[in-house]
Amino acid sequence: MRVLLLGADGFIGRRVAERLLDEPDLQVTVLGRRDSADIRFDLTAGSPGALARFLDAVAPQVVINCAGATYGSSRMLIRSNTLAVATVCEAIRRSREPARLVHIGSAAEYGPMPAGVPISEHAEPRPSGPYGVSKLAGTELVLASGLDAAVLRVFDVVGPGSPAASLFGRLAEGLRRALEQGERQVRMPDLSGYRDFVDVRDVARAVQSAAVSAATGVINIGSGHAVRARDGAQLLLRAAGFEGSISEDARPAVLPGQPGPSGDHPPQYPPFRPGGEPVQWRQADARTARDRLGWRTQVPLEESLGDIWLETACRV
């Protein structure tokens, strides 16, 4: 099967690329902005017609879109998460043999939900920040495209390769510095919120399963369990052998996609304060992924966090 992969340089895209390239029955072509891509193309600037010509040349049976942005101005997020998706959908429609599309969405599209309730694909999306809004707009474009398409609405992704700005990437780096300098405390945002953490390698398996399936529409990709961020942080402390403590910051929260007080981009997971970041609870109803993709998580959170620490500890 011929596959065209978009966004292979991102956190999720790298793992998807590794998994697909290991499959002898798949012919994978990577399209992106970097020199390492098989085809150089900028989805935020290129035209649908130009992309359609590349599609005709490669003739993929499946297009997997892992491209997008998590941080930046509202304008950048719209260009990366909405305009680029419109370009992909239109290019596939214009191509001689329209491919199946597997698009990576985000649980941020749902926005605030009642605590204690798993979020199903039928929940009304109410994103609370520019990132979630831009991702939801991209999802709506895919669903309205008329294409053979599935949107994997991925929950809180963790595991090796986690960005330094993500919650556990930030904590792991803080622990490394604390251990090197003999400190007994690491500062972090408020960790009282609950999230559905799913390992990036499990996400890659879900993408592969969706690529070869006939499933369409929105499909949640999560563990189906909500874990307090504070409890996850303690697992990472144990993996690092850190005997100190975490000092939780109570500063006002910042939503994904918005600049922080100094103008810097905020962490992937902002502070989990009820009075700040409004999304205090996030848990996937993962039954659709199980029933339609035959997928469920395999990597426990403890293993996933342990791998983050091993990667961080080995960093020079």
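Computed from heavy atoms alone, side chains included, the values below leave out hydrogens, waters and symmetry copies.
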Q: Does R33 have more than 12 heavy atoms from other residues, nucleotides or ligands lying within 6.0 Å of its CZ?
A: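 Atom CZ in R33 is not packed in, count stays at 12 or less.
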Q: Quick check: does any side chain N or O of S162 sit under 3.5 Å from a backbone N or O of G159, one acting as donor and the other as acceptor?
A: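 Yes; at least one donor-acceptor contact below 3.5 Å.
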Q: Looking at Q181, I'd like to know if its CD atom is crowded, meaning that more than 12 non-hydrogen atoms belonging to other residues, nucleotides or ligands lie closer than 6.0 Å.
A: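 Atom CD in Q181 is packed in, count exceeds 12.
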Q: Does P98 have any side chain to side chain contact (heavy atoms under 4.5 Å, CB included) partners at least two apart in sequence or in another chain, and if so, which?
A: I92, S95
Q: Please assess I308 against E311 for the test side chain to side chain contact (heavy atoms under 4.5 Å, CB included), listing each intermediate value before the final yes or no.
A: CA-CA 5 Å; I308 292 176; E311 185 179 70; 5.7 Å; no
Q: Under the criterion side chain to side chain contact (heavy atoms under 4.5 Å, CB included), I'd like the reasoning laid out for V203 against R15: C-alpha separation, chi angles, the key distance, then a yes or no.
A: CA-CA 8 Å; V203 174; R15 288 294 178 179; over 6 Å; no
Q: Looking at A172 and W309, what are the two nearest heavy atoms and their distance?
A: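 In this case the closest contact between A172 and W309 is O-CZ3, 3.4 Å.
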Q: Side chains of C89 and V85, heavy atoms from C-beta outward: is any pair under 4.5 Å?
A: yes
Q: Just wondering, more than 12 heavy atoms not from E183 lying within 6.0 Å of its CD?
A: yes
Q: Taking C-beta and beyond as the side chain, do H103 and V63 meet within less than 4.5 Å on heavy atoms?
A: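 The answer is no, as the side chains (C-beta and beyond) never meet within the 4.5 Å cut-off.
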Q: Any salt bridge linking E180 with R177? Criterion: basic side-chain nitrogen under 4.0 Å from a carboxylate oxygen.
A: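 No, this pair does not count.
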Q: Taking C-beta and beyond as the side chain, do L237 and L171 meet within less than 4.5 Å on heavy atoms?
A: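 A side-chain contact exists here, since the closest heavy-atom pair is under 4.5 Å.
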Q: Quick one: ring pair (Phe, Tyr, Trp, His ring centres under 6.0 Å) partners of F54, sequence neighbours excluded?
A: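 Once residues adjacent in sequence are excluded, the partners of F54 under the ring pair (Phe, Tyr, Trp, His ring centres under 6.0 Å) criterion are F41.
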Q: Side chains of T44 and L83: does their closest heavy-atom pair fall under 4.5 Å?
A: no
Q: Would you say CZ of R287 has more than 12 non-hydrogen atoms from neighbouring residues, nucleotides or ligands within 6.0 angstrom?
A: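 Counting other residues, nucleotides and ligands, CZ of R287 stays at 12 neighbours or fewer.
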Q: Could you tell me whether E173 and R170 make a salt bridge, using a distance below 4.0 angstrom between a side-chain N and a carboxylate O?
A: no
Q: Grab the two heavy atoms, one from A8 and one from V30, that are nearest each other, plus how far apart they are.
A: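 Where A8 meets V30 most closely, the heavy atoms are CB-CG1, 3.7 Å.
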Q: Do the non-hydrogen side-chain atoms of S106 and Y131 ever get within less than 4.5 Å of each other?
A: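 Result yes, sub-4.5 Å side-chain heavy-atom pair found.
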Q: Please list every donor-acceptor pair under 3.5 Å in which a side-chain atom of residues 206-229 meets a protein atom from a residue at least two apart or in another chain.
A:
{"unit_1": "Q208", "atom_1": "OE1", "unit_2": "R19", "atom_2": "NE", "d": "2.5"}
{"unit_1": "Q208", "atom_1": "NE2", "unit_2": "E23", "atom_2": "OE2", "d": "3.4"}
{"unit_1": "S209", "atom_1": "OG", "unit_2": "R205", "atom_2": "O", "d": "3.0"}
{"unit_1": "S213", "atom_1": "OG", "unit_2": "R100", "atom_2": "NH2", "d": "3.4"}
{"unit_1": "S213", "atom_1": "OG", "unit_2": "A210", "atom_2": "O", "d": "3.2"}
{"unit_1": "S213", "atom_1": "OG", "unit_2": "A215", "atom_2": "N", "d": "3.2"}
{"unit_1": "N220", "atom_1": "OD1", "unit_2": "Y110", "atom_2": "OH", "d": "2.7"}
{"unit_1": "N220", "atom_1": "ND2", "unit_2": "I119", "atom_2": "O", "d": "2.8"}
{"unit_1": "N220", "atom_1": "ND2", "unit_2": "D285", "atom_2": "O", "d": "3.3"}
{"unit_1": "S223", "atom_1": "OG", "unit_2": "D196", "atom_2": "OD1", "d": "2.6"}
{"unit_1": "S223", "atom_1": "OG", "unit_2": "H225", "atom_2": "N", "d": "3.1"}
{"unit_1": "S223", "atom_1": "OG", "unit_2": "H225", "atom_2": "O", "d": "3.3"}
{"unit_1": "R228", "atom_1": "NE", "unit_2": "Y194", "atom_2": "OH", "d": "3.3"}
{"unit_1": "R228", "atom_1": "NH1", "unit_2": "S192", "atom_2": "O", "d": "3.1"}
{"unit_1": "R228", "atom_1": "NH2", "unit_2": "Y194", "atom_2": "OH", "d": "2.6"}

Q: Would you say the side chain of V158 lies within less than 4.5 Å of the side chain of L167, judging by non-hydrogen atoms?
A: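 Heavy-atom side-chain distance check fails, nothing below 4.5 Å.
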Q: Side chains of I104 and V16: does their closest heavy-atom pair fall under 4.5 Å?
A: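 No - every pair of side-chain heavy atoms lies 4.5 Å or more apart.
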Q: Just jot down the salt bridge (Lys or Arg N to Asp or Glu O under 4.0 Å) partners of D22, sequence neighbours excluded, or say none.
A: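 Testing D22 for salt bridge (Lys or Arg N to Asp or Glu O under 4.0 Å), a comparison that skips the adjacent residues, returns none.
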Q: State, yes or no, whether a side-chain contact exists between S134 and I78 at a heavy-atom distance under 4.5 Å.
A: yes
Q: Might you confirm whether atom CZ of R2 has over 12 heavy atoms from other residues, nucleotides or ligands at distances under 6.0 Å?
A: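 Yes, because the 6.0 Å sphere around CZ of R2 holds more than 12 heavy atoms from other groups.
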Q: Would you check, one step at a time, whether the test side chain to side chain contact (heavy atoms under 4.5 Å, CB included) holds for F11 with T70?
A: CA-CA 11 Å; F11 176 35; T70 306; over 6 Å; no
Q: Partners of R184 by salt bridge (Lys or Arg N to Asp or Glu O under 4.0 Å), sequence neighbours excluded?
A: none
Q: Could you name each residue pair satisfying side-chain hydrogen bond (donor to acceptor under 3.5 Å, both in side chains) that touches residues 112-123, not counting sequence neighbours?
A: E121-T288
Q: Quick one: closest heavy-atom pair of V299 and D202, and the distance?
A: N-OD2, 3.0 Å
Q: For a side chain to side chain contact (heavy atoms under 4.5 Å, CB included) check, start with the C-alpha distance between V58 and D38, then their side-chain angles and the critical distance, and finish with the verdict.
A: CA-CA 11 Å; V58 176; D38 299 311; over 6 Å; no
